[in-house]
Structures are given as structure tokens and as C-alpha cells.
Amino acid sequence: MLSNTEIAKKLLEIRTLMEMAGESFYKYMAYEKAAASVENAPPLRDLVAAGEHLKLPGVGKSIGAAIEQLVTSGGAEQLDLLYQRFPPSLIEVLGVSGIGTKTAAMLFTEYGIASLADLEAAIAAGTLTSVPRLGSKTIENWKRGILAYKGRQRRTPLPQALAIARQVVAHLQAGPPLERLAFAGSLRRAEVTVGDIDIVCTSQHAADVIGHFAQWPRAEAVLAEGPTKASIWLSGGLQIDLRVLPDHLYGNLLQHFTGSREHNIKLREYAVRRNLRVSENGILNLENGEVITCTDEEGVYAALGMQFIPPELRSGLDEIELARARTLPVLIQSADLRGDFHMHTTWSDGDDTLEAMTAAAAARGYEYHAISDHSRGRARRFGMGADELRRQREEIAAASARYGIRTLQASEVDILPDGSLDLDDDVLAELDVVVASVHTATSQSREQMTERLIRACQNRYVTILGHPTGRRFDSSRGYEFDYDAVFAAAARTGTALEIDGQAARLDLPAPLARLAKSYGVTLALDSDAHRTGDLAAIEFAVGQARRAGLGKADVLNARSLDDVLAFVARKRNAA
DNA sequence: GCCGTTTTCGGCCCGACTGTTTTCAGTCG
């Protein structure tokens, strides 16, 4: 079963092959728009089953049919036809930076180059030296591009990219004077993974800033270097783009570089209908030739007659329509959070003591937090049973009093393969909060996993379902289950679903959190910290929540302690 | 191929940088 991301990839493949086949620009661009739409949509498998995929923006009759085929069979008629003209292996040639569809199509039809291996062989044999408009510099760039392609990791997880971005910023700030600087692109939109790092800044010394940037010692290569813009490559293939403009254009610049691409296209299409041309250089009034420049991003959206659109919502779905109607949701913010329900200590697999974690939680200004060490689980060395929990309770009371924060006792209890829990109900009943998670038997069938999770929701003591999909960037793709069935069960039983902010997880991902909200589910944003320094990972959970369009009312830990305890009690008493 | 707060037909974002060029096509974001 193909995931949304995989289907989006197939649509982009169709788009690329159509361009090579000489189809019209707008025809293949429609596939690109549809692919972006699919990325942010709820699971297509379920949409297609309900016939609702045709409601996705950019998906009409033709593309809708292709999506249906991809969902049911994993392939599409149209793709097969295109494969008759161009081999699938030609796609990898386009992965080489500097080679686009025109060049790839030319290399294939004129020189029979059908794969990356063919291209390497042709370069080595020198057969391309006689090709018109192909000089030695281009060939050298391709060689470098091939190396980068081979060494390139997949898209970089957001937390990792952010750490690198901060190092670049430190380098930039040590250079020529800057006025304002910000992360842009997918990093600012809090996408779960980023393809490259975009940074914008304003300065009166653009050329010097660019030069300083290009000389960053960690840069493996400088891809492009112009008067206002440069791109570098790090070893491993991550690309960093910097754009520098004068400060009075900061709003236009930030808006432009934050994207997404689809958001900008839609925004500009809308602007054109109002005789306005939007770019990073300002908003040009096509009627009177005046240029509106904006010192902040709010000004850009205001000039277009709409509400400010938070970066996390700029996906190109329906945010522009909502902003025009002034009906965008008011998104949750970090400052709204009053606590964190998921963290570990040295009582189980955490690195820091309960006291240290409590002090750190208090230092973040929380009203409450929950210590949720693991249950004993299968062969877990430090997991906690009834006795350990009882002893831990005394330590919690002492720490809570010392740091002036309400420390709740929780457990991250394993959901066993049959959906029962690793601790007995009478033990769970003594806890303030219960986070239930799947850690074992993750290869169960979709049906088994669905049953298992629903049964966990039905336990009156389960407050929160932890990292619900089980995916991890470093190891696991996660397990499959029927999202609709489980989310409906969570809503029905008053069980919250977690958005786990741990760097390797970010689970639930935003499209699923959005789906959960549509079922009326309450979400809990957690750090899943195993050391004091990781409590800040809750920010990543906030990012996903914002992408999902969640507001304060949707988030359990944006509520007061009394309201949280009432949420817990309501479920316990309802059963 | 998709879409509509002037349109169900006639539109469809915008600009920077590179290489190989005497004016621009291709690529990229």
C-alpha cells in the first residue's frame, strides 16, 4: 500500500516524464500541484475509499483517476505509457544538480544515456565533449553533482536541520554587519523533514555577507554565488541557500523565501487577478506602476487584502481562501503550553534524575508536568512495576514541593500485543495520568494493530495514546492501522492522542493530527524527553500542531491543571 | 489538467544565477 508521500512521488514522476515528452507546461504543472496537495492530505487510501480524493485542491478527473489506480494497484496506466518512451532509470539522472528535463531528454534521445551509470560512462569516455552548448565547466559540475547525488542522504529531519542552521547563523553573525536574519523555507514552515536550509537576511553589505557565507569552512562546495544570493553544499549533500536584500524589503523577502512553492504560486495567481505582481522585490501595482515594499510579512498579506497566514499553514491547500474570508484558525503557540505529560528519568531509561527533570520543567515556567517512566515491559531492565511506582511517588512529592510545580505521576505503559496493558488497572488507578504506547510486536497486521489500539483507548485509565504511529526517522516506518477507526475510538472514549516532539519521532505527523481533530480528538503535545536538555523538543510538537491547524482548545496541555484532571476523571468515571 | 467573489473558456508566479553565449535557454527554488 503506497503512502501519500509515495503517491506524491509517482505524480511528480509523471510530471517530469510529461515534460520530457513535450507536453504543455500547464498540463504537467497540474501534476506538480496535485502532488503537493497529496502530501498534506489525509491518507489517500481512506479518501479514495470514500470518493473524497476529488475534493483535494488541484485534483480533477484525470489526476483523480491516476490516484485511484496508484492506491489500488501501486501503478498508473499513464505512467506505464510514459515508461514506453523514457525508461524509469532516467529519473535518477535528473537527481544530478544542474541536469533538468530538457538536458535529460536530449541525453537520452541523442546519446542513449538512460541511467546515471550511462552518464558516468559517457563522461569518462569523453563522448560528450562534442555536444553543442556543453562546455568543460558544465561537465565538471555534473561530475560533482553525481558524487553529491550518490552520497546524499534523504531529506533531513527538522531537528537535525535546525541544529545545522544555527551553526550557519553563528557563522553569519560573526561576519559583516547584518540587520535582520531569519530561517525561511521548510524549516520555518516546520515541515517534518527539510530538503535544504533557506536563510534570509537584510544588510547594507550584501556582497560581503555573501562572500563570508561562501567561505564557511564547513561548505564542501559553492554551487552558486551572485550579488544577492548564494548556495553551498555540505558534505552529505545538504544544501544551504542564502538571500540578502536591503532591510526595507524584509517582509517581501521573508514571505518569498518561506514558500511553500505552491503557496506562493497560489498567492501570486490571486494577486495577478487583482493586477498586482508579487515577488521578493515588492508588490508591483500593474495599473499605476507603484511598488509596495513591506518591512514585515504582515504587510505583504495585508496589501493583498487578507489575514496574515502563519508559515506553518502555507502549504498551498486552502489557506488563501481562509485568509481572504478571515477565518484562519488561531493556532496554538508555545506560550499557551502549561505543562508536558511525557518525560523519563533515571527511574527508567532517562539520563537525568527526577529532581533534575522537575527543576527543568519548573524552569520552563510550567504549571504542571508528568513523570512518565516506562512500565516494566518485555525484558526492559529499568521499567517500573507497582513497588517502584509507590516509592517514586514519595520522591515526586518532595521534588514537586521544592520546585513549586505540580508534578503528576504518570507511566508510559506498554500496550501489549493483544491491546491489554503492562500494568494492572489497580496500579494505573493510583496514577494521575497514563500514557499508553506500542513498543513491541510492531509488525502486526493492520487489522490486529487497529484492534490493539482501540482496545487501549477503551481502557478507562488510558489518558493519552503515546506516539500513535510508531514511526521513527532513524529506524522504523511505523505500523499500519485504520486511522479513522482508531481516531473515532479516541474521540468516543475521551482519550487524547499525542504529538511526540522527540527528534526521531514527530508523531503524530501534521496531516494525521488534522484528521484526528476532525474527529473531535484532543491532542497532547509532549517532549518525550530523556534528559533535561530535551524538554525543549516540545517545540517540534507545537510546530506539527500548528501545521495541523490546532488551536488552544484542541490541546490538553494548554488547559489548566484542574481542567486536565477533570479530563482524566471524566474518562475514568464514564466507563 | 485544473479552476472561477469580473471567467465554465481562457487563463495559468516570478526572479536569480550559470554557462556559453553576443541575447538567452536551462535550471532552480
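Chain naming here is simple, since letters A, B, ... match the order of the sequence lines and numbering starts at 1 in each. Values below: all heavy atoms of this structure, side chains included; hydrogens, waters and symmetry mates excluded.
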Please give the distance between the [atom1] atoms of [N] and [M] as a whole number of Å.
N: B/dC14; M: B/dT5; atom1: C1'; answer: 25 Å
N: B/dT8; M: B/dG15; atom1: C1'; answer: 33 Å
N: B/dT20; M: B/dT27; atom1: P; answer: 14 Å
N: B/dC17; M: B/dT21; atom1: P; answer: 22 Å
N: B/dC2; M: B/dT7; atom1: P; answer: 22 Å
N: B/dA16; M: B/dT22; atom1: P; answer: 23 Å
N: B/dC12; M: B/dC24; atom1: C1'; answer: 24 Å
N: B/dC13; M: B/dG4; atom1: P; answer: 14 Å

Quickly work out the [X] [atom1] to [N] [atom2] distance and round it to whole Å.
X: A/L187; N: B/dG29; atom1: CG; atom2: C1'; answer: 15 Å
X: A/R15; N: B/dC28; atom1: CZ; atom2: C1'; answer: 11 Å
X: A/K229; N: B/dG29; atom1: NZ; atom2: P; answer: 8 Å
X: A/R273; N: B/dT7; atom1: CZ; atom2: P; answer: 12 Å
X: A/E225; N: B/dG19; atom1: CD; atom2: C1'; answer: 16 Å
X: A/R133; N: B/dT21; atom1: CZ; atom2: P; answer: 7 Å
X: A/F213; N: B/dA16; atom1: CZ; atom2: C1'; answer: 15 Å
X: A/L322; N: B/dT5; atom1: CG; atom2: P; answer: 14 Å

Please determine, for the side chain of [X], which listed nucleotide ([options]) has the closest atom?
X: A/R268; options: B/dC17, B/dG1, B/dC14; value: B/dC14
X: A/S62; options: B/dG29, B/dC2, B/dC13; value: B/dC2
X: A/Y26; options: B/dG1, B/dT5, B/dG15; value: B/dG1
X: A/E269; options: B/dC12, B/dG1, B/dT18; value: B/dC12
X: A/S97; options: B/dC14, B/dC28, B/dG26; value: B/dC28
X: A/A30; options: B/dA16, B/dT20, B/dG1; value: B/dG1
X: A/K137; options: B/dT20, B/dG26, B/dC13; value: B/dT20
X: A/T138; options: B/dT20, B/dC2, B/dC13; value: B/dT20
X: A/K33; options: B/dC13, B/dG15, B/dT18; value: B/dC13

- prompt: Where each residue is assigned the nucleotide of DNA chain B containing its nearest heavy atom, which of A/R274 and A/D241 is assigned the position nearer the 5′ end?
  reply: A/R274
message: Can you work out whether A/N281 or A/L134 has the more 5'-proximal nearest nucleotide on DNA chain B?
response: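 Closest to the 5' end, via its nearest nucleotide, is A/N281.
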NA contact type, [X], heavy-atom cut-off 4.0 Å: base, sugar-phosphate, or nothing?
X: A/P227; value: sugar-phosphate
X: A/K61; value: sugar-phosphate
X: A/S136; value: sugar-phosphate
X: A/F257; value: nothing
X: A/E140; value: nothing
X: A/I265; value: base
X: A/T101; value: sugar-phosphate
X: A/S231; value: nothing

Between [X] and [N], does any side-chain N or O lie under 4.0 Å from OP1 or OP2?
X: A/T103; N: B/dG26; value: no
X: A/T228; N: B/dC17; value: yes
X: A/Q239; N: B/dG29; value: yes

- request: Taking the six-membered ring of A/Y250 (Phe, Tyr or Trp), confirm whether the NZ or CZ of A/R180 is under 6.0 Å from its centre and within 45° of its axis.
  value: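 The answer is yes, since A/R180 meets both limits relative to A/Y250.
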- prompt: In this structure, which one of A/R314, A/H263, A/R324 forms a side-chain hydrogen bond (donor to acceptor under 3.5 Å, both in side chains) with A/E319?
  reply: A/H263
field: Note, A/Y111 side chain near A/V131 side chain (heavy atom, < 4.5 Å)
entry: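 They are in side-chain contact.
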task: Tell me whether B/dT7 sits syn or anti, counting syn as a glycosidic angle within 90° of 0.
output: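 B/dT7: syn glycosidic orientation.
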- request: Dump the intermediate steps for side-chain hydrogen bond (donor to acceptor under 3.5 Å, both in side chains) on A/Q78 and A/Y31, then the final yes or no.
  value: CA-CA 12 Å; A/Q78 205 171 3; A/Y31 281 81; 2.9 Å; yes
message: Between A/R243 and A/L253 (side chain of the first, backbone of the second, donor and acceptor by atom type, cut-off under 3.5 Å), is there such a pair?
response: no
- prompt: Closest heavy-atom contact between A/F213 and A/D241?
  reply: CZ-C, 4.5 Å
task: Go through A/Q502 and A/S527 one step at a time and tell me if the side-chain hydrogen bond (donor to acceptor under 3.5 Å, both in side chains) criterion holds.
output: CA-CA 6 Å; A/Q502 195 185 128; A/S527 67; over 6 Å; no
- prompt: When the aromatic ring centroids of A/F25 and A/Y28 are compared, is their separation below 6.0 Å?
  reply: yes
field: Complementary nucleotide of B/dT8, counting Watson-Crick and G-U pairs under 3.5 Å
entry: none
